[in-house]
2 protein chains.
Amino acid sequence: MTHPAPSRRHAIAEDLRNQISTGHLKPGERLPSEAQLATRYEVSTPTLRNALALLQSEGLVEKIHGSGNFIRHPLRRFTYVGGGNTPAVQPAPDGALSVTVSTTNLRAQGHLAALLKVTPSSPLTEFLHLRHEGKTPHSLARVYIPRDLAPAADAAASLSSPRPSLAEVQEKVSARLPTPEEATALRISQSLAVLAITRVVTDINGRVVEAALLVLPGDRADALFTARHTPEEGNSNE
Amino acid sequence: MTHPAPSRRHAIAEDLRNQISTGHLKPGERLPSEAQLATRYEVSTPTLRNALALLQSEGLVEKIHGSGNFIRHPLRRFTYVGGGNTPAVQPAPDGALSVTVSTTNLRAQGHLAALLKVTPSSPLTEFLHLRHEGKTPHSLARVYIPRDLAPAADAAASLSSPRPSLAEVQEKVSARLPTPEEATALRISQSLAVLAITRVVTDINGRVVEAALLVLPGDRADALFTARHTPEEGNSNE
DNA sequence: GAGTGGTCTAGACCACGAG
DNA sequence: TCGTGGTCTAGACCACTCA
């Protein structure tokens, strides 16, 4: 309990963290190769890679296959804003922010049918979003909408039309490792955890208007939720 | 892009997932030892462990050091409810739910001072919560409150008193690997990602009343956020 | 093609849990 | 004490990036 395993990788991570915060390593800079770092710290390559995995999960280091490990620009963190405004349309920090969308028609199956509260095999439309800023992907979204509510075919501008008063947005966040497909789509390592958000938007009549499965890369994404309280409601903080 | 690396570990994880969903492996059951599984699947122990890490991050498998890998009871998932009601006081599924609290007085430093919007070295009280259900920890929380707002000394029942109308609860969720201390406190592996939530509670006057750093084990915790919309506000879903 | 990270192997040794 | 998982080693080989 007192010193919970010295653990080589954390020692190395600590050392690199210090070098970053003291400015010995600057944002954008490239680290020596993993082989060089391994010999420098006198560890094997797997352990050195584990150390980098720690820094990567904190957003301090970015690994780029084939070219090296880089100190991340600390500001460049993407924030998903919860509460109904889909994938965070934000100030957009000058970098070209683009979205790739593809549309598919399909029929509800077990898990999806339950989420949308529809009977199995009822028709749905799936929107597959891949959000880029420049060439780094920011989020992967699978959005499912009952066919009769889905906008014609052009997806980009259509959903902006006001909907029949949606009443509730519920978002469940969890952390897990990505599937191989998600990892390649988001261009992250398969050992880097993602934020997985399941969003269910409910109508004022209780009908589920949309269900979405969002995946955000854990090294460069946060999810932000804001709740405002009108002073009337009894609030018990433990 | 077509088949993103067959990758042994995902194949093994897939096989075990199927055995779980088809009922060949039942909740509570113990898996063969990692050495046995490794020879069965004809892989080395590290790769087999990587396969189990996948299932662990999905909450399907629980690793217990020294005794084995077990199929998780799928229902047993802990849900943190965001929006102001602190660490999810819930139905409490019969299992004894206990909280360990320790209180410390300290002074604000850089990061903390910024979060609380107080001047550095201004007095704070820290509450360190460790939430158990039975003997499995559910969450680790470090709660910081300006000294003059902190309740006397007894922390357990005190905070229930109505506060001067808090106006906003902001919660930022990210995924990262745990520190060694967090890992031992939550009894999870150091390679399992946690949900890290930074919660800032603001007064109706704009004063920060509380800042909290919450850590939830990624294998058995979700965070749930619900937003209700009064139909008046213009809502643009992209 | 040279250099990089990504995956995997086949072990060794330590730390923990239960009898 | 014995069997378990946790950490680490010292390599091999493949996949990607860039000149």
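Each chain gets a letter, A, B and so on, in the order the sequences are listed, and its residues count up from 1.
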Without placing hydrogens or testing angles, list every side-chain donor-acceptor pair under 3.5 Å for residues 49-61 of chain B, not counting sequence neighbours.
residue: B/R49; atom: NH1; partner: B/E34; partner atom: OE1; Å: 3.1
residue: B/R49; atom: NH1; partner: B/E34; partner atom: OE2; Å: 3.1
residue: B/S57; atom: OG; partner: A/L177; partner atom: N; Å: 3.1
residue: B/S57; atom: OG; partner: B/L54; partner atom: O; Å: 3.0
residue: B/E58; atom: OE1; partner: B/R17; partner atom: NH1; Å: 2.8
residue: B/E58; atom: OE2; partner: B/R17; partner atom: NH1; Å: 2.5

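We find the CG-CG distance between A/L37 and A/D15 to be 10.0 Å, quoted to the nearest 0.5 Å. Separating the CD atom in A/E133 from the CZ atom in A/R131 is a distance of 11.0 Å, to the nearest 0.5 Å.
Looking at A/E182 and A/R176, a side-chain N of the basic residue comes within less than 4.0 Å of a carboxylate O on the acidic one, giving a salt bridge.
Near DNA chain C, meaning a heavy atom under 4.0 Å away, the residues from residues 33-41 of chain A are A/S33, A/E34.
Atom CG in A/L48 sits about 14 Å away from atom C1' in D/dA10, given to the nearest Å. Atom CD in A/E42 sits about 10 Å away from atom P in D/dT9, given to the nearest Å. As rounded to whole Å, 12 Å separates atom P of D/dT4 from atom CG of B/L31. The CD atom of A/E62 sits 15 Å away from the C1' atom of C/dT4 (whole-angstrom rounding). We find that NE2 of B/H10 is positioned 15 Å from P of C/dG6, with the value rounded to whole Å. Spacing between atom CG of A/L54 and atom C1' of D/dT7 amounts to 13 Å, rounded to whole angstrom units. Computed from coordinates, the A/F70 CZ to D/dT17 P distance equals 12 Å when rounded to whole Å. Atom NZ of A/K63 is separated from atom C1' of D/dC16 by 14 Å (rounded to the nearest Å).
In terms of heavy-atom proximity, A/L186 sits nearest to A/R220 at O-NH2, 2.9 Å. B/I188 approaches B/P178 most closely through the heavy-atom pair CD1-CG, 4.3 Å.
Nearest to the side-chain atoms of A/P46 among the listed nucleotides C/dG5, C/dC8, D/dG6 stands C/dC8. Looking at the side chain of A/Q190, the nearest of the listed nucleotides C/dT7, D/dT9, D/dG5 is C/dT7. Side chain of B/S7, nearest nucleotide from C/dT9, C/dC8, D/dC8: C/dC8.
Put simply, A/R9 has a side-chain N or O that comes within less than 4.0 Å of OP1 or OP2 on D/dT7. The side chain of A/T47 contributes an N or O atom lying less than 4.0 Å from OP1 or OP2 of D/dT9. Proximity of A/R49 to the phosphate of C/dG5: no side-chain N or O atom is located under 4.0 Å from OP1 or OP2.
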Pairs: protein N or O with nucleotides 15-17 of chain C N or O, under 3.5 Å:
residue: C/dA15; atom: N3; partner: B/H65; partner atom: NE2; Å: 3.1

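With sequence neighbours excluded, the residues forming a side-chain contact (heavy atoms from CB on, under 4.5 Å) with A/P46 are A/S44, listed by chain and number. Annotation: side-chain contact (heavy atoms from CB on, under 4.5 Å) contacts of A/Q109 (sequence neighbours excluded): none. For B/T39, there are no side-chain contact (heavy atoms from CB on, under 4.5 Å) partners at least two apart in sequence or on another chain.
When heavy atoms are screened at a 4.0 angstrom cut-off, A/N69 is found touching the sugar-phosphate backbone but no base atom.
Atom CZ of B/R187 sits in a sparse spot, with 12 or fewer heavy atoms from other residues, nucleotides or ligands closer than 6.0 Å.
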